[in-house]
Amino acid sequence: MRHGETGAQALRDTVELAKATEALGYSRFWVAEHHSAGTFAGTSPEILIGQILAHTSRIRVGSGGVMLTHYSALKVAEQFRVLESFYPGRVDLGIGRAPGSDQRTMLALAYPKRPVDVETFPQQVVDVVGYLYDALQPDHPFAALKAAPGGKPESAPDIWLLGSSDYSARLAAQLGLPFAFADFFGTTSGHGPAVAEIYRREFQPSELCAEPRLNVTVQVICAPTAEEVQRVTASRNFNRARRVLAAQGEEIREGLLPPEEAAAMPLTEAARAHVQQYVDGCIDGDPDQVKAGILTASERYETTDIGIVSIAYALVDRIRSYELVARAFGLL
């Protein structure tokens, strides 16, 4: 979300970005789930996925991800069965364990019930798989239930487990599920390859996934020149600094600031250090630099399944970044 603009505009921009990336040759487009976040408007990925699917024709669309601990496994399975019924073969269900919010909002999402204990998350994942693929164990208390609308199990959405730690990697490996690692957080790159290796080493084949399937998503801004890179990244970088400034009692406006305004904002020493640590984990630069950085990430994680997140103030800058990357890798 841009400062001074509505979440509705941010959601419309997301649909436009998806249309653009499909035309540029990308294969998947995922949307996240955030609550009470002043910069992000995507509170309901399953609804946004439907809008994106309706405005595209080829690209796979999915959640990156649904924060499963807020919901029932049956409800999530049914939502994604509905999407798959309209757009067969184009739906991904990415599942996350984190709340996607602060603790107070997490309580509100469950109120007046109590929040689900995160210790039940593995069972929730097993149940989602069971409902989607008609594979609940015979002794399951709801084994007789079917996730509607019905369909052949092989037509169910692809399921991915998302994470930024060895917990999710080990669970994905144990259940034989594809795993998507969040390098784009900006603070996870250091331990990411070790997490990927844990996933590969402990992977147990399943009917859904015969061998390890690893995605890593990185933070990228690509622009024609160094000056343009510095201009475009200013909004994203100051947005990152907001966390530290807010914790220090500063009153910070919500939403992305225009690049020139963001670049002129004063930063405390702590905020500056926090931003630098974050930027060190990003892949920013001209097309050659970004291509080299992505290839390096591919080698570090030993996977060719790479996703990119590009946070910029202007939609035109975001689309241009994706276009330059697509051209660098020969998608066009």
Side-chain angles (χ1 to χ4, degrees), residues 26-30 32-33 60 62-69 92-100 118-126 128-129 133 157-222 240 274 276-285 289-310 325 328-329:
Y26 288 89
S27 59
R28 292 200 300 269
F29 191 98
W30 287 0
E33 177 179 342
R60 294 189 68 93
S63 56
V66 167
M67 301 296 101
L68 186 57
T69 53
D92 293 330
L93 169 56
I95 296 171
R97 180 176 66 121
V118 294
E119 296 301 319
T120 66
F121 178 70
Q123 183 62 52
Q124 285 188 286
V125 176
V126 169
V128 167
V129 174
Y133 287 89
D158 278 1
I159 301 175
W160 291 75
L161 201 59
L162 315 180
S164 59
S165 69
D166 60 341
Y167 174 91
S168 297
R170 286 194 159 96
L171 181 59
Q174 176 187 341
L175 298 179
L177 291 175
F179 176 57
F181 182 79
D183 184 284
F184 67 92
F185 285 176
T187 55
T188 53
S189 181
H191 65 266
V195 171
E197 179 55 33
I198 288 171
Y199 169 67
R200 281 189 291 267
R201 185 174 66 245
E202 299 186 6
F203 184 83
Q204 300 178 29
S206 71
E207 292 186 10
L208 300 186
C209 196
E211 57 187 24
R213 188 178 175 192
L214 173 69
N215 164 274
V216 57
T217 296
V218 293
Q219 186 78 231
V220 171
I221 289 291
C222 191
R240 189 73 178 194
H274 179 74
Q276 188 57 56
Q277 181 188 26
Y278 170 70
V279 170
D280 288 344
C282 298
I283 302 174
D284 302 329
Q289 292 170 323
V290 167
K291 181 177 181 179
I294 291 175
L295 289 175
T296 296
S298 176
E299 293 171 1
R300 292 181 66 231
Y301 284 92
E302 298 182 37
T303 182
T304 57
D305 192 327
I306 305 292
I308 57 177
V309 173
S310 299
V325 174
F329 281 93

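Side-chain contact between L208 and V129 is present, with heavy atoms from C-beta onward closer than 4.5 Å. At a threshold of 4.5 Å between non-hydrogen side-chain atoms, the residues R213 and W160 count as touching. Contact annotation: the side chain of F181 approaches that of H191 to within less than 4.5 Å [non-hydrogen atoms, C-beta and beyond]. Side-chain atoms of D158 and R60, non-hydrogen and from C-beta on, do get closer than 4.5 Å to each other. Looking only at side-chain heavy atoms (C-beta outward), D284 and V290 stay at 4.5 Å or farther from each other. Contact annotation: the side chain of I306 never approaches that of F329 to less than 4.5 Å [non-hydrogen atoms, C-beta and beyond].
Aromatic ring pairs are classed by plane angle as parallel below 30°, tilted from 30° to 60° and perpendicular above 60°; the pair Y167 and F121 is tilted. Using a 30° and 60° split on the angle between ring planes, F179 and Y199 fall in the tilted class, from 30° to 60°.
Looking at every heavy atom in both residues, P193 comes nearest to R300 through CG-NH2, 3.3 Å. Residues V325 and C222 share a closest heavy-atom pair of CG2-CB, 3.9 Å. What you find for A172 and P178 is that their closest heavy atoms are CB-O, 4.3 Å. Scanning both residues, M67 and E33, for their nearest heavy atoms gives N-OE1, 2.9 Å. Here the closest non-hydrogen pair linking V218 and A297 is CG1-CB, 4.2 Å. When every heavy atom of A196 is checked against every heavy atom of L214, the shortest pair comes out as CB-CD2, 3.5 Å.
Side chain of S298 to main chain of I294: no donor-acceptor pair is present (N/O by atom type, distance under 3.5 Å, no hydrogens or angles). Listed for the T188 side chain is no donor-acceptor partner under 3.5 Å among the backbone atoms of S164. No donor-acceptor pair closer than 3.5 Å links the side chain of T303 to the backbone N or O of N215.
One distance of note links CG of D183 with CD of Q219; it measures 9.5 Å at 0.5 Å rounding. For the atom pair E202 CD and R170 CZ, the distance stands at 4.5 Å (nearest 0.5 Å). Taken to the nearest 0.5 Å, the CG atom of L177 stands 7.5 Å off from the CG atom of L171. One finds the CD1 atom of I308 at 9.0 Å from the CD1 atom of I221 (value rounded to the nearest 0.5 Å). For the atom pair OG of S189 and CD1 of I283, the computed distance is 8.0 Å after rounding to the nearest 0.5 Å. The CZ atom of R28 sits 4.0 Å away from atom CG of D305, with the distance rounded to the nearest 0.5 Å.
More than 12 heavy atoms of other shown residues, nucleotides or ligands fall within 6.0 angstrom of atom CD in Q123.
Remark: Y26 engages no residue in a side-chain hydrogen bond (donor to acceptor under 3.5 Å, both in side chains) (not counting sequence neighbours).
With Q124 as the partner, the side chain to side chain contact (heavy atoms under 4.5 Å, CB included) test is satisfied by one option alone out of I95, V118, T69: T69.
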